[in-house]
Enquirer: 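Dropping a structure here in structure tokens format, bear with me for questions.
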2 protein chains.
Amino acid sequence: MHSPELLKGTLQTIVLKVLKDNGKMYGYEITQLVKELSASRIMLTEGALYPTLHRLEADGLLKTEVVNIGKRVRKYYSLTTEGKALVKDRVTEFVDFIKTMSVVLQVKIA
Amino acid sequence: MHSPELLKGTLQTIVLKVLKDNGKMYGYEITQLVKELSASRIMLTEGALYPTLHRLEADGLLKTEVVNIGKRVRKYYSLTTEGKALVKDRVTEFVDFIKTMSVVLQVKIA
DNA sequence: GTCTAATACATAAATCTCTTATGTATTAAG
DNA sequence: CTTAATACATAAGAGATTTATGTATTAGAC
């Protein structure tokens, strides 16, 4: 498990990017995918994820589609046009940040 | 300038590492070095830096030496034995985090 | 000579994210 | 039939940083 402090500020970027790569997904599915991709090093908590999804939707970056699975409700999220445009910027911003940090910390990122 | 959110959680690591690489330094000097190394992309604010230095000192990771420059006081910080041991871990932790993130975000860090 | 920017420290209130805790409900498995 | 997994949601508290403010010295510009 990674130090939760480092994760701060990356949650929106993670959500936007996995939605770009996988089309529509629902909240719980996102937590499982990120857990799998990160080999259990990043465990998104519901308390962080759902407010973030709501926020991104309110900001017009995500749109939702509610589907009934038996008696259970599943809420699918997908990127809006605006959201799609932003993903690239966010990912680029993160990569740039890493590059800067690798200089400051004098480490080589392989 | 990088998004300040991404910087969260990295401040201690930055401070510890530049002190390891440069021996003793004072607060203002750290802000200037980080600004230079990052091509002005990381600007440490005093409100964040000084409490962090005090915290690291209180935790026994840094030791201080006050020097009088004319009528001005300059407070030099350097790593304690404990601090030196921790730097490696913190840097490794950051690199590991980046590796995980590059998988989750499907980006290649060159 | 004097005004401004840079140097150099420091603290406190406000803000922003996220963690932790709690709540509800359905479905699958043992 | 009981527990774990699925699936949503919100709210209180914690923690790190920003923003604002304060003090004081020194160098440089005019």
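Numbered from 1 within each chain, the chains take letters A, B, ... in sequence-line order.
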Enquirer: Under 4.0 Å, heavy atom to any atom of DNA chain C: which of residues 18-27 of chain B qualify?
Expert: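 DNA chain C contact set from residues 18-27 of chain B: B/Y26, B/G27.
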Enquirer: Is it the case that more than 12 heavy atoms not belonging to B/Q106 sit under 6.0 Å from its CD atom?
Expert: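 More than 12 within 6.0 Å, yes.
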Enquirer: Using a 3.5 Å distance criterion without hydrogens, assess whether the side chain of A/K75 forms a donor-acceptor pair with backbone atoms of A/V67.
Expert: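 Absent.
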Enquirer: Measuring only between side-chain heavy atoms, which start at C-beta, is A/L53 closer than 4.5 Å to A/I30?
Expert: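 Heavy-atom side-chain distance check passes, below 4.5 Å.
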Enquirer: Distance check: side-chain N/O of B/H54 vs OP1/OP2 of C/dC9, anything under 4.0 Å?
Expert: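 Negative; the distance criterion is not met.
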Enquirer: Between atom CG in B/L53 and atom P in C/dC9, what is the gap in whole Å?
Expert: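 So the CG-P distance, B/L53 to C/dC9, works out to 9 Å.
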Enquirer: Without decimals, in angstroms, what is the distance between B/L6 CG and D/dT18 P?
Expert: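 The distance from CG of B/L6 to P of D/dT18 comes to 12 Å, rounded to the nearest Å.
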Enquirer: For a 4.5 angstrom cut-off between non-hydrogen side-chain atoms, does A/F97 reach B/T10?
Expert: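 They are in side-chain contact.
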Enquirer: Between B/L11 (CG) and D/dG15 (P), how many Å, whole number?
Expert: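 Rounding to the nearest Å, CG of B/L11 and P of D/dG15 are 17 Å apart.
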Enquirer: My understanding is that only residues two or more places apart in sequence, or in another chain, count here; which of them pass side-chain hydrogen bond (donor to acceptor under 3.5 Å, both in side chains) with B/R90?
Expert: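 Per chain and number, B/R90 pairs via side-chain hydrogen bond (donor to acceptor under 3.5 Å, both in side chains) with B/Q12.
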Enquirer: Tell me, please, which residues at least two apart from B/N22 pass side-chain hydrogen bond (donor to acceptor under 3.5 Å, both in side chains).
Expert: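 In terms of side-chain hydrogen bond (donor to acceptor under 3.5 Å, both in side chains), with neighbours along the sequence ignored, B/N22 is linked to no residue.
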Enquirer: Does any N or O in the side chain of B/T80 come within less than 3.5 Å of the main-chain N or O of B/L61, such that one atom is a donor and the other an acceptor?
Expert: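 Yes: the side chain of B/T80 pairs with the backbone of B/L61.
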Enquirer: With salt bridge (Lys or Arg N to Asp or Glu O under 4.0 Å) as the rule and sequence neighbours excluded, what pairs involving residues 92-110 of chain A come up?
Expert: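 Qualifying pairs: none.
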Enquirer: Taking the nucleotide of DNA chain C with the closest heavy atom to each, which residue, B/E5 or B/R74, is nearer the 5' end?
Expert: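 Looking at the nearest nucleotide for each, B/R74 comes out on the 5' side.
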Enquirer: Check the interface with nucleotides 19-24 of chain C: list each N/O to N/O pair with the protein under 3.5 Å, or write none.
Expert:
unit_1	atom_1	unit_2	atom_2	d
C/dT19	OP2	A/T45	OG1	3.2

Enquirer: Pull out every protein N or O sitting under 3.5 Å from an N or O of nucleotides 27-30 of chain C, one pair per line with the distance.
Expert:
unit_1	atom_1	unit_2	atom_2	d
C/dT27	OP1	A/K71	N	2.9
C/dT27	O4'	A/R72	NH2	3.2

Enquirer: Nearest whole angstrom, please: distance from the C1' of D/dA16 to the OH of B/Y50.
Expert: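 From B/Y50 OH to D/dA16 C1': 18 Å.
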Enquirer: Send over the distance from B/D59 CG to D/dA16 C1', rounded to a whole Å.
Expert: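 Spelled out: CG on B/D59 to C1' on D/dA16 is 14 Å.
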Enquirer: CD1 of B/I42 versus P of D/dT17: gap in Å, rounded?
Expert: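 Going from B/I42 (CD1) to D/dT17 (P), I get 12 Å.
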Enquirer: Just the rounded figure in Å: distance from C1' of C/dA10 to CD1 of B/I30.
Expert: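 Taking CD1 of B/I30 and C1' of C/dA10, I get 15 Å after rounding.
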Enquirer: Got a donor-acceptor contact below 3.5 angstrom from the B/K84 side chain to the B/L79 backbone?
Expert: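 No, B/K84 side chain to B/L79 backbone: no donor-acceptor pair under 3.5 Å.
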Enquirer: Would you compute the distance between atom CG of A/L6 and atom CD1 of B/I98 and round it to the nearest 0.5 angstrom?
Expert: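 Going from CG on A/L6 over to CD1 on B/I98, the span is 9.0 Å.
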Enquirer: Is B/Y26 reachable from B/I69 through a run of I, L, V, M, F, W or Y residues, each pair having side-chain heavy atoms under 4.5 Å apart?
Expert: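 Yes: a chain of side-chain contacts under 4.5 Å links B/I69 to B/Y26.
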Enquirer: What's the CG-C1' distance between A/L56 and C/dT17, to the nearest Å?
Expert: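 Interatomic distance, CG of A/L56 to C1' of C/dT17: 13 Å.
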